[in-house]
> 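Handing you this structure, nothing more for now.
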2 protein chains.
Amino acid sequence: MTSPVRPPARILLVDDHALVRRGVRLILDAEPDLEVVAEAGDGAEAVAAARRDDGLDLAVLDIAMPRMTGLQAARELARLRPGLRVLMLTMYDNEEYFFEALRAGANGYVPKSVADRDLVEACRAALRDEPFIYPGAETALIRSYLDRVRSGAGLPERPVTEREEEILKLVAEGHTSREIGDLLFISPKTVERHRANILQKLGLRDRLELTRYAIRAGLIEP
Amino acid sequence: MTSPVRPPARILLVDDHALVRRGVRLILDAEPDLEVVAEAGDGAEAVAAARRDDGLDLAVLDIAMPRMTGLQAARELARLRPGLRVLMLTMYDNEEYFFEALRAGANGYVPKSVADRDLVEACRAALRDEPFIYPGAETALIRSYLDRVRSGAGLPERPVTEREEEILKLVAEGHTSREIGDLLFISPKTVERHRANILQKLGLRDRLELTRYAIRAGLIEP
DNA sequence: CTGTCCATCCGTGCCGGCACCCATGTGCGA
DNA sequence: TCGCACATGGGTGCCGGCACGGATGGACAG
C-alpha cells in the first residue's frame with residue numbers, strides 16, 4: 001500500500017482527554033506508515049508543538065477543547081505551517097462545524113463515531129491531500145452542502161461570526177446581558193442585538209435552546 | 001498482582017464513539033486480568049447486553065450518550081444485575097457528576113483526562129469493590145463524602161420529590177409555566193411554586209442552570 | 001391528634017429576555 | 001465609489017421568570 005522505503009508520517013495528536021489520546025495513539029501507531037510523534041492537551045499546546053517541530057506532516061485535532069478550540073488552533077496552525085495537513089476530530093457530526101472546519105483550513109473531518117479503520121484511512125487521505133468523506137455522513141453533510149451550493153451563492157455561509165460565537169458561549173453559560181457587556185466592555189444593548197442575531201441565524205427561540213445547542217456543539221460543558 | 005489461575009474479569013464497554021471504544025479496549029485488553037467481552041454504543045444497547053450475558057463482572061459506562069445516558073443506564077443496570085460493578089467514564093471532572101454517578105449506583109468515577117494506567121487501576125479497584133479516587137480530584141466535597149460513607153451514613157438523597165422531578169424535566173426542556181400547567185392540568189402558579197422549590201433545594205439560580213443540571217443528571221437530552 | 005411534608009393555588013413587584021423599531025462607523029469587495 | 005456585512009448603540013413595550021408574601025387540603029408518622 002505504502003512504499004516501505006518511505007518513513008512514516010509524523011503526526012501531532014491533540015485532544016484534551018489523555019485517555020482518548022492514548023487510544024488514538026494505539027490505533028495510529030499500529031500502522032507502519034503512521035507515527036504519533038507529539039501530543040497536546042489543548043490548542044495552545046498544539047501551536048507550541050508545531051512551532052517547535054517543523055517536520056510534522058499531519059495534525060489530528062479535537063474540536064471541543066478548553067481555552068483554544070480545535071477550530072481556532074487549526075487557523076493558527078494553517079498560518080504557522082502552511083504545509084501541515086489538519087484532520088478535525090469531533091464528537092458531533094454537525095454541519096455547521098463541518099463547514100467551519102473546512103474554512104479553518106482542515107483537510108478532513110472525522111466524527112469520533114467512526115471505526116478505527118476509517119480514522120486511519122482519513123489520515124492517509126489527508127496526507128495525500130484528498131478529502132475524506134466518512135461513511136454515513138455522505139448523506140447528511142454532502143447533500144446539504146450540495147443543496148446550499150445549488151440554491152445559494154455557492155459558498156457555505158458561516159453560521160455565526162467570531163464575535164457572535166463569543167457572546168453565544170457567554171449567553172449559554174447563563175450570564176445576563178449586563179454581565180456580558182461589562183465583561184466585553186460593550187453596551188448590554190449590543191449584547192442583546194448579537195443575541196437576537198444568533199437566535200435568528202440558528203433558528204432558536206430563546207436562551208434555553210441556545211444553551212442546549214451550545215452543549216450539543218461542544219462549545220460549553222453542561 | 002493477580003492470581004494467574006483466576007480468569008480475567010469480563011467487561012462490558014459502553015461509549016457512543018466507536019473510536020473511544022476501540023482505544024479503551026486496546027488499553028484494557030493489554031492487561032492479563034481484564035478482558036472486554038462486549039461493547040455497546042448507547043445505554044439501551046448496554047442494558048440489552050447485560051440482559052443477554054449474566055457473567056459480566058464490570059461495566060465501563062460513558063456518561064454522555066444519546067438516547068439513554070450513562071447515568072440512566074447505570075440505574076437500570078444496578079436494578080437488572082445487582083452484582084455488576086459499574087465504572088463511570090466521563091468527559092467532565094466535575095464533582096456534581098460524581099454524586100450523580102454514585103446515586104445512580106456507580107462504584108467508580110473516572111474522567112477521560114486520566115492516563116491509561118489510572119483507568120486500569122480504577123477497573124481493578126471497582127472489581128475489588130473499593131472506591132477509586134483519581135489523582136487530582138481529592139476535593140473537599142469528595143473527601144467529605146468518603147468520610148460520610150466510612151462513618152456509616154448513607155448516600156445523600158436527592159431532595160426533589162417525584163412531582164418536582166416531573167416539573168423539573170419540563171422546565172429544563174424549555175416549556176413555560178403556562179404550557180406545563182396545561183399539560184399537567186394544574187395552575188401555572190403551582191408550576192412556578194414547584195420550580196421555586198426545586199431551584200431552592202438544588203441551590204440553582206434559574207431555568208438555565210436547571211437545564212444544565214438536568215442534562216448532567218441524565219434527566220433530559222441536550 | 002398534631003405536626004410535618006407535599007401538592008395545590010393566589011397577589012404583588014422587579015427585572016431580564018425578546019421583538020420590534022431605529023442610527024452610526026468601519027472595512028471590504030463588487 | 002457604492003453597497004454590504006459586521007459591530008456598535010439606543011428606545012419602547014410585552015411577557016415570563018423569579019422572589020417575596022400568603023392560604024388550603026390531604027397523607028402519614030410520632
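In this text, all values refer to a predicted model and were calculated from it rather than measured experimentally. Convention: sequence-line order gives letters A, B, ...; per-chain numbering from 1.
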> Has A:T190 got a side-chain N or O lying under 4.0 Å from the OP1 or OP2 atom of D:dA7?
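False: A:T190 side-chain N/O out of range (4.0 Å or more) of D:dA7 OP1/OP2.
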> How many Å lie between CD on A:E162 and C1' on D:dA7, as a whole number?
13 Å
> Going by distance alone, is a donor N or O of one side chain under 3.5 Å from an acceptor N or O of the other, for B:S177 and B:R195?
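Yes, because at least one side-chain N or O of B:S177 sits under 3.5 Å from a partner of the opposite role on B:R195.
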> Between A:R124 and A:L119 (side chain of the first, backbone of the second, donor and acceptor by atom type, cut-off under 3.5 Å), is there such a pair?
no
> Only one of A:N107, A:L13, A:I11 passes side-chain contact (heavy atoms from CB on, under 4.5 Å) with A:L58; say which it is.
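Output: one option passes, namely A:I11.
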> Calculate the interatomic distance between A:I186 atom CD1 and D:dG10 atom C1'; express it in whole Å.
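That distance rounds to 14 Å.
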> Between atom CG in B:L204 and atom C1' in D:dA19, what is the gap in whole Å?
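It works out to 16 Å between those atoms.
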> Distance check needed: D:dG9 C1' versus A:R163 CZ, whole Å only.
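To the nearest whole Å, that distance equals 13 Å.
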> Rounded to the nearest 0.5 Å, how far does CG of A:D182 lie from OG of A:S187?
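One finds 10.0 Å between OG of A:S187 and CG of A:D182.
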> Just the rounded figure in Å: distance from P of D:dA7 to CG of A:L184.
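Between P of D:dA7 and CG of A:L184: 12 Å.
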> May I ask you to test the A:I198-A:L210 pair for a side-chain heavy-atom distance under 4.5 Å?
yes
> Are B:K189 and B:E192 close enough for a salt bridge, meaning some N to O gap below 4.0 Å?
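A salt bridge is present here (some side-chain N lies under 4.0 Å from a carboxylate O).
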> What string of B, S and - do you get for nucleotides 21-30 of chain D, 5' to 3', when a contact is any protein heavy atom under 4.0 Å?
BB--------
> Using a cutoff of under 3.5 Å, can you pull out all pairs of nitrogen or oxygen atoms linking the protein to nucleotides 16-18 of chain C, with atom names and distances?
unit_1, atom_1, unit_2, atom_2, d
C:dG17, OP2, A:S177, OG, 3.2
C:dC18, OP1, A:R207, N, 2.6
C:dC18, OP2, A:R195, NE, 3.4

> Please check this pair: side chain of A:R207 against backbone of A:A172, looking for a donor-acceptor N/O pair closer than 3.5 Å.
no
> C:dC5 C1' sits how many Å from B:I198 CD1, rounded?
16 Å
> Using atom names, set out every protein N or O paired with an N or O of nucleotides 24-29 of chain C below 3.5 Å, distance rounded to 0.1 Å.
none

> Determine: side-chain N/O of B:T161 to OP1/OP2 of C:dC5, distance under 4.0 Å, yes or no.
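So the side chain of B:T161 is outside the cut-off, no N or O lying under 4.0 Å from OP1 or OP2 of C:dC5.
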> Whole angstrom is fine here: how far is it from CD in A:Q200 over to C1' in D:dC6?
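Checked: the CD to C1' distance equals 15 Å.
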> Dump the intermediate steps for salt bridge (Lys or Arg N to Asp or Glu O under 4.0 Å) on A:E164 and A:K201, then the final yes or no.
CA-CA 10 Å; A:E164 282 168 348; A:K201 281 185 180 178; 2.9 Å; yes
> Say you draw a straight line from CD1 of A:I220 to OG1 of A:T211; how long is it, rounded to the nearest 0.5 Å?
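Taking CD1 in A:I220 and OG1 in A:T211, the distance rounds to 5.5 Å.
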> Output the distance between atom CZ (A:R10) and atom CG (A:D57), rounded to the nearest 0.5 Å.
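Reported to 0.5 Å precision, the distance equals 7.5 Å.
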> For B:R79 and B:E76, what are the C-alpha separation, side-chain angles and deciding distance, and is it a salt bridge (Lys or Arg N to Asp or Glu O under 4.0 Å)?
CA-CA 5 Å; B:R79 224 178 41 220; B:E76 201 70 28; 2.8 Å; yes
